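Below you'll find the structure, written out as structure tokens, and then a few comments.
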Amino acid sequence: MTPLTSGTAGPLRGRISIPGDKSISHRALILGALAIGRTRIEGLLEGEDVLRTASAIRALGAAAERGKDGVWTVTGVGVGGFAEPGEVLDFGNSGTGIRLMLGALATTPITTVFTGDASLRRRPMGRVARPLERMGARILARDGDRLPLTLQGAIDPLPISYTLPVPSAQVKSAVLLAGLNAPGETTVIEPLATRDHTERMLRHFGATVVTATAGGGRQIRLKGEVELKGGDLAVPGDPSSAAFPIVAALILPGSEIEITGVSMNELRTGLLVTLGEMGARIERVNARTAGGEEVADLVVRASALRGVEVPAERAPSMIDEYPVLAIAAAFAQGRTVMRGLGELRVKESDRLTAVAEGLAACGVSVEIEGDTLAVEGLGGRPRGDAAIVARLDHRIAMAFLVMGLAAERPVSIDDGETINTSFPGFVRLMNGLGASIAEATA
Ligand code: S3P
């Protein structure tokens with residue numbers, strides 16, 4: 001564990017690009033492994049979570065290599081072509097990696113053992129196990145559907161029509177990936193639309209995926225027993241990582257930064273909508289399309305923020321951004337109420353509790369009622385002066401380091417290493433903009 005401290009910084013200035021999108025990176029490796037032929041991936045996130053997925057597909061018979069130019073090449077085994085691994089697949093901290101791979105393996109008749117770190121071993125796998133069992137897979141897990149677990153892929157896979165009980169792109173993606181090797185049509189119905197990178201990328205690889213909107217949600221139909229063809233992919237910058245420098249620039253007076261090449265997929269930009277309502281000055285420039293995803297550069301200027309109500313329906317489009325939004329809310333004038341946050345309890349940590357306890361330790365009034373979080377903004381700088389436990393949660397670690405940059409007194413976190421799961425180079429990049437984050441002297 002490397003403890004880190006962030007102390008009051010001057011304005012942030014400069015132009016940065018941030019690492020590739022984590023969701024898209026996992027999918028690029030997995031679909032590349034399921035395709036025939038070669039897939040070239042530019043801008044792959046080389047964070048620990050994604051590297052675990054790369055190791056997993058290698059253990060299953062695919063090849064995944066990083067070229068000297070940083071471009072990755074995956075040579076796939078074809079749908080249904082994974083070979084039984086001779087080792088336990090360890091997904092570390094990554095809920096996305098494991099849930100997507102459970103789907104990708106559920107309709108291939110091999111046996112695989114899955115595990116992860118202490119955080120992942122606490123997280124529920126029943127949400128993917130239930131639909132995959134209906135497709136013919138057998139799953140034997142610890143009590144509460146926790147890891148480690150053993151998956152025996154279906155010998156005679158069945159297509160299903162599945163309505164998501166929780167708005168989860170991971171569950172949707174697991175079912176769709178399992179559907180690739182099932183006959184007929186696999187359908188997922190989501191009452192609230194979640195990130196659609198799997199659907200987009202499946203089409204890019206030649207699958208037939210038909211999406212219809214229904215109310216605020218979607219119905220997604222996939223034609224099974226398909227052959228995927230490898231191709232080229234460019235991974236845009238991760239909006240969930242961009243969130244940290246964005247909020248830091250908003251709350252540090254005099255800041256002006258530019259972040260280039262950030263994914264603007266509208267199912268990922270709920271934070272920008274919310275910050276806009278709070279009075280944030282964030283300009284989207286140079287909008288373009290890259291690798292089937294909308295991308296733009298963002299110019300962010302320090303702003304006087306005001307508290308807002310964030311509706312529950314917006315949660316799927318900013319689910320990973322609540323920790324850092326709560327930091328922005330602490331600096332805003334007035335109360336910010338965030339509704340529909342139940343899913344935060346089952347992320348890398350119980351983020352609802354982690355955020356509330358962390359903010360309280362920094363001198364901010366917070367309230368949790370059911371799955372609503374209310375933050376009493378100070379319209380100025382919170383006290384800070386807190387030691388935060390990161391709980392194996394990269395986003396808790398980064399959010400409170402951002403708090404420390406603009407609070408009256410420094411904030412420390414006990415474990416900076418967890419940041420490498422999604423945002424390698426975070427400290428260097430932030431300090432390059434003018435932040436002051438350093439290893440804490442115990
Ligand atoms: C992700 C979906 C979300 C998100 C996670 C990445 C994905 O999880 O929190 O970081 O890539 O599909 P849920 O599906 O559990 O909402």
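Being a predicted model, the structure only gives us computed values, none of them experimental. Atom set for the values below is all heavy atoms of this structure, side chains included, hydrogens, waters and symmetry mates excluded. Whatever order the structure lists ligands and atoms in, that order sets their numbers, starting from 1.
Taking the six-membered ring where tryptophan is involved, the planes of Phe244 and Phe426 are perpendicular, since the angle between them exceeds 60° and thus also 30°.
Nearest protein heavy-atom contact of atom 6 (C) of ligand 1 is Thr96 OG1, 3.3 Å. Of the protein's heavy atoms, Ser23 OG, 2.6 Å lies nearest to atom 11 (O) of ligand 1. Scanning the protein for heavy atoms near atom 4 (C) of ligand 1, the closest one is Asp320 OD2, 3.3 Å. Protein heavy atom in closest approach to atom 14 (O) of ligand 1: Ser168 OG, 2.6 Å.
Taking every non-hydrogen atom of Lys22 and a distance limit under 4.0 Å, the qualifying atoms of ligand 1 come out as 10 (O). Residue contact check: Ala169 has heavy atoms under 4.0 Å from atoms 12 (O), 14 (O) of ligand 1.
Counting only distance, with no hydrogens or angles, the side chain of Arg40 and the backbone of Val71 share no donor-acceptor pair below 3.5 Å.
For the pair Arg339/Val310, no side-chain contact is recorded, criterion being any heavy-atom separation below 4.5 Å from C-beta on.
Under 4.0 Å from ligand 1, not a single heavy atom of His26 appears.
Across the listed options Lys347, Glu343, His394, Lys347 owns the non-hydrogen atom lying nearest to atom 3 (C) of ligand 1. Distances from atom 7 (C) of ligand 1 to the heavy atoms of Arg351, His197, Met318, Arg27 show the closest one on Arg27.
No option in Glu65, Glu46, Glu42 other than Glu46 meets the side chain to side chain donor-acceptor pair (under 3.5 Å) test with Trp72.
Checked against side-chain contact (heavy atoms from CB on, under 4.5 Å), Glu293 has the following partners two or more places apart in sequence or in another chain: Ile24, His197, Arg200, Pro236, Ser263, Asn265. The side chain to side chain donor-acceptor pair (under 3.5 Å) test applied to Thr372 returns no partner, not counting sequence neighbours.
The nearest pair of heavy atoms linking Ala397 to Ile413 is CB-CD1, 3.6 Å.
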